[in-house]
Amino acid sequence: MSSSDKGSRRHDSRESRDSYHMHNSEGRFNKESKYDDPPHSRLFIVCGKSITEEDFREHFSKYGTIEEIWVVKDRVTEEPKGVTYIKFSKTSEAALAMEEMNGRCIGNHPRPLKVLIAHSREQGSRREINEEERLLRLFVVVPKTLNESDLREHFSQFGDIDYVSIVRERGTRESKGFGYVKYHRMSHTAKAFENCDRSFKPVFADPKPQKDSKMDVFRGNNDMREMRNDGFGVDSGGLNPDGVTRLTVIASPSVNQDQLWRLFDLIPGLDYCDLRKDRKSGQTRGVANVVYNNIQSATYARDKLHGFEYPPGQRLIVKLDGHSHHDMPQCSGAPSLALVSANAGGGARPPPNNIQQDLATQLAETIAQATSLIQAAGLSQQGGSSGAMIGSPSSGGVGETYNPSYCSVKLPPPQPLAPVDSQVVERLFIVCHPSPPPLYALKDVFGRFGNLIDIYMLNGKTFGYAKYASKESADKAIMVLHGQEVLGARMKVMEADPHDKNDSGRKRLRMDDQN
DNA sequence: CGACGGGACGC
DNA sequence: CGACGGGACGC
C-alpha cells in the first residue's frame, strides 16, 4: 500500500482562497498542487539504493501522517535509483522529518540520508537562489495598526524568531499592511504557517531578488490572461538579428491606435506607432508598425508582448521586421505583413532595470483600461440589434462615441491612469444600484477625467472609492457621473468622507494557540 | 439608504 | 552527488 488513501488527501483548500479571484485558467496549477498540497509537504530523499519503502515507513511515520512513499526505480531495469519521495499530510510534518532525519542513517544501511523538501515537479532539480530563506520566511498581511512588537508577540509562540518586519511607507513610516516573519527552523515556520491567526493570511515568502520581473504583470492579476508563446513562430529567446528596431504588430481591430501606442510606449524608446486597419481574407484586423530608437527596446517589446492577449482572447502578434523575410511587402502565406526592413538608428540603450517594476504596474493598468474599453464596446454591441461582432470597423473610435448602453452620458476619451504612488488629492464615494458594474467599466469611466489613481468596490458591497491625483479631475467626475448609469447600474458619486485611519479598521486576533 | 481593499520587501 | 510512477472517482 504504497499509495495510501489518495482520495482523502484532497482535503479542503485553505479557508481564504477567495473564489472571487480564482475563476478560470488555473488548470496548470492544479497539477502541481496535487503533489504539493499543502505547500512543501513532500520530501525528496537521496539515499542508498537498498532502502525499502518499509524502512522509510518505519523511520518517518513518527513525524506525521504519511500519504505516500515512492521509491523511485529505473523505468526499464526497475533498479532503485537511490531517490525516494515521501508525501506528508502537513507541511510541518515534512519539515520536522527533514530536520530530524537529514544526515541520519537508517537500519544498517551505511549511507546517510539526504532529506530535503521536494521542489515542484516543474522546478525539478534546478537550483534556486535563496533556497533556505524561502522556507523560513512567511509573508503576512497585518492590520495597519499592528507594529513589530505585536507581530513578534503573536508569532513567537511557534518558535524562535529570526526577525519580524513590517513594510512601511518610506516617508511617513506608515504600515503598508504586510510584513515578514522569519524563523531559524522550517518546522517553526511551518507551524506558524498552519496555526497562526488566519487573518494574517500567511504564505511562504517569495525570495527577495527577483531575477526578472518580465512576466510578473501577467501573473496574479485577474484582468490578465496568461501569455503564451505557442501558435506563432518560435521563441527566439531574445535574439534580434541585424539590429532591428521596427516591429510589425497584428492586433484585434477592436484595439485603437491610442491603446496600442500606450501599450508599446510603456517600453522606453518608442519613436513611432502607426496603426491601420487591414482587410485580409474577409477579416478585418489592425496592423501596426512600431519603431523604437534602440534594438534592445524593440527586442524587449517583442519578447514581452508577442502572444499577449489584448484584449483577453485576442492575441497580439508581434514580429521583428525582417526576422524571417527581407524587404518583402507581401509574402505568400497567411499573414502578409508589411515587412519593411528598417533600422531607425539610435543608441543601444537597454531598458533600464529600475523601470521594470513600474513597467509591470503600468502595463497592468494600461491593459486593464484598454480592455475595459474593448469589452464595453463588445457589450454595447451585444445589447444593440446590429449583431455586429466586437471589433467591427465602426468601433474604431470607441473612445469618443456616445454609447448609452455602456454609459448614460457622453464621456471624454480615455486618459492614462495616474502613477500608483501619486498623492491622493481627492477621494470619491461611489454607490451603485442595484449592484456595481464590472470594475473594468468603472475604471474606464472614472479614468476618463484624467488623474485617476485607483478605484475599487468593496467585496460584496454596493459602494466603493475612487482616488484622484487632481481635484479638477475628481470634481469633473462628480459633475458628469453623479446620477448616471454604467452598464445598467445607477451611480451616486460624491466626495468621500475622510478615511478614519485609527482603530476603526483594526482586526481582532484570536490569540489562541492550536497545535 | 450606503462609509473604507489588497497587499511582495530602501540600504 | 540527486528530481518525478502507478493508478485512477463513485454515484
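Quick caveat: nothing in here was measured; it's all calculated off a predicted structure. We name chains A, B, ... by the order of the sequence lines, and we start the count at 1 in each one.
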Whole angstrom is fine here: how far is it from [atom1] in [X] over to [atom2] in [N]?
X: Arg137(A); N: dC9(B); atom1: CZ; atom2: P; answer: 10 Å
X: Arg168(A); N: dG10(B); atom1: CZ; atom2: C1'; answer: 14 Å
X: Leu428(A); N: dA3(B); atom1: CG; atom2: C1'; answer: 14 Å
X: Ile117(A); N: dG2(C); atom1: CD1; atom2: C1'; answer: 16 Å
X: Phe178(A); N: dG5(B); atom1: CZ; atom2: C1'; answer: 14 Å
X: Met457(A); N: dG5(B); atom1: CE; atom2: P; answer: 13 Å
X: Leu113(A); N: dG2(C); atom1: CG; atom2: C1'; answer: 13 Å
X: Glu169(A); N: dG7(B); atom1: CD; atom2: P; answer: 16 Å

field: Candidate list Lys87(A), Glu67(A), Lys90(A), test side chain to side chain donor-acceptor pair (under 3.5 Å), partner Ser41(A), passing option
entry: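 Single side chain to side chain donor-acceptor pair (under 3.5 Å) partner of Ser41(A) among Lys87(A), Glu67(A), Lys90(A): Lys87(A).
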
Any base atoms under 4.0 Å from [X], or only sugar-phosphate, or nothing? Heavy atoms, all strands.
X: Val203(A); value: base
X: Arg427(A); value: base
X: Lys73(A); value: nothing
X: Lys467(A); value: base
X: Phe463(A); value: sugar-phosphate
X: Val72(A); value: nothing
X: Arg42(A); value: base
X: Leu116(A); value: base

*asked:* Using OP1 and OP2 only, check whether a side-chain N or O of Arg111(A) sits under 4.0 Å from dG2(C).
replied: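 Answer is yes, contact under 4.0 Å.
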
Please determine whether a side-chain nitrogen or oxygen atom of Lys176(A) lies at a distance below 4.0 Å from atom OP1 or OP2 of dG6(B).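 It does not, given that no N or O in the side chain of Lys176(A) lies less than 4.0 Å from OP1 or OP2 of dG6(B).
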
### Query
Ignoring hydrogens and geometry, is there a side-chain-to-backbone donor-acceptor pair from Arg490(A) to Gly483(A) under 3.5 Å?
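Answer holds: yes.
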
### Message
Here's a test of your reading of the structure: between Cys47(A) and Glu78(A), which maps to the more 5' nucleotide of DNA chain C?
### Response
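By nearest-heavy-atom nucleotide position, the 5'-most residue is Cys47(A).
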
- Let me know, please, whether Val46(A) or Arg75(A) comes out on the 5' side of the other along DNA chain C by nearest nucleotide.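 Taking each residue's closest nucleotide, the earlier one in sequence belongs to Val46(A).
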
Checklist line | Ala190(A) versus Ser92(A), closest heavy-atom pair with distance | finding: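 Residues Ala190(A) and Ser92(A), closest heavy atoms: CB-CA, 3.5 Å.
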
field: Shortest non-hydrogen contact from Arg168(A) toward Asn147(A)
entry: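 Taking every non-hydrogen atom into account, NH2-CA, 4.0 Å.
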
Nearest-nucleotide pick for [X], side chain only, options being [options]:
X: Val141(A); options: dG7(B), dG5(C), dA3(C); answer: dG7(B)
X: Val167(A); options: dG10(B), dA8(B), dG7(B); answer: dG10(B)
X: Lys114(A); options: dA3(C), dG2(C), dG5(C); answer: dG2(C)
X: Tyr465(A); options: dC4(B), dA3(C), dG7(B); answer: dC4(B)
X: Phe139(A); options: dC4(C), dA8(B), dA3(B); answer: dA8(B)
X: Tyr85(A); options: dA8(B), dG5(B), dC4(C); answer: dC4(C)
X: Val83(A); options: dG2(C), dC4(B), dA3(B); answer: dG2(C)
X: Phe44(A); options: dC9(B), dA3(C), dG5(B); answer: dA3(C)

task = Decide, for dC9(B), between syn and anti: a glycosidic angle within 90° of 0 counts as syn, anything else as anti.
result =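 Anti conformation for dC9(B).
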
>> Between Tyr468(A) and Phe449(A), is the ring pair (Phe, Tyr, Trp, His ring centres under 6.0 Å) condition met? List the steps.
In response: CA-CA 9 Å; Tyr468(A) 283 89; Phe449(A) 305 92; 7.5 Å; no

If you measure from the ring centre of Trp70(A) to the centre of the six-membered ring in the base of dG5(C), is it under 5.5 Å, with the planes under 30° apart?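 By the stated criterion, Trp70(A) and dG5(C) stack.
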
Problem set entry | Ring centroids of Phe429(A) and dA3(B) base under 5.5 Å with planes under 30° |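 One would call Phe429(A) stacked on the dA3(B) base.
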
Practice problem: Kindly indicate whether the side chain of Glu68(A) and the base of dG5(C) share any N or O donor-acceptor pair separated by less than 3.5 Å? | Solution: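 It does, because a donor-acceptor pair links the side chain of Glu68(A) to the base of dG5(C) below 3.5 Å.
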
- prompt: Does some side-chain heavy atom of Val142(A) sit less than 4.5 Å from a side-chain heavy atom of Asp150(A)?
  reply: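 Not touching, per the 4.5 Å side-chain cut-off.
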
Under the ring pair (Phe, Tyr, Trp, His ring centres under 6.0 Å) test against Phe139(A), which residue among Phe178(A), Phe204(A), Phe193(A) passes?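 That would be Phe178(A).
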
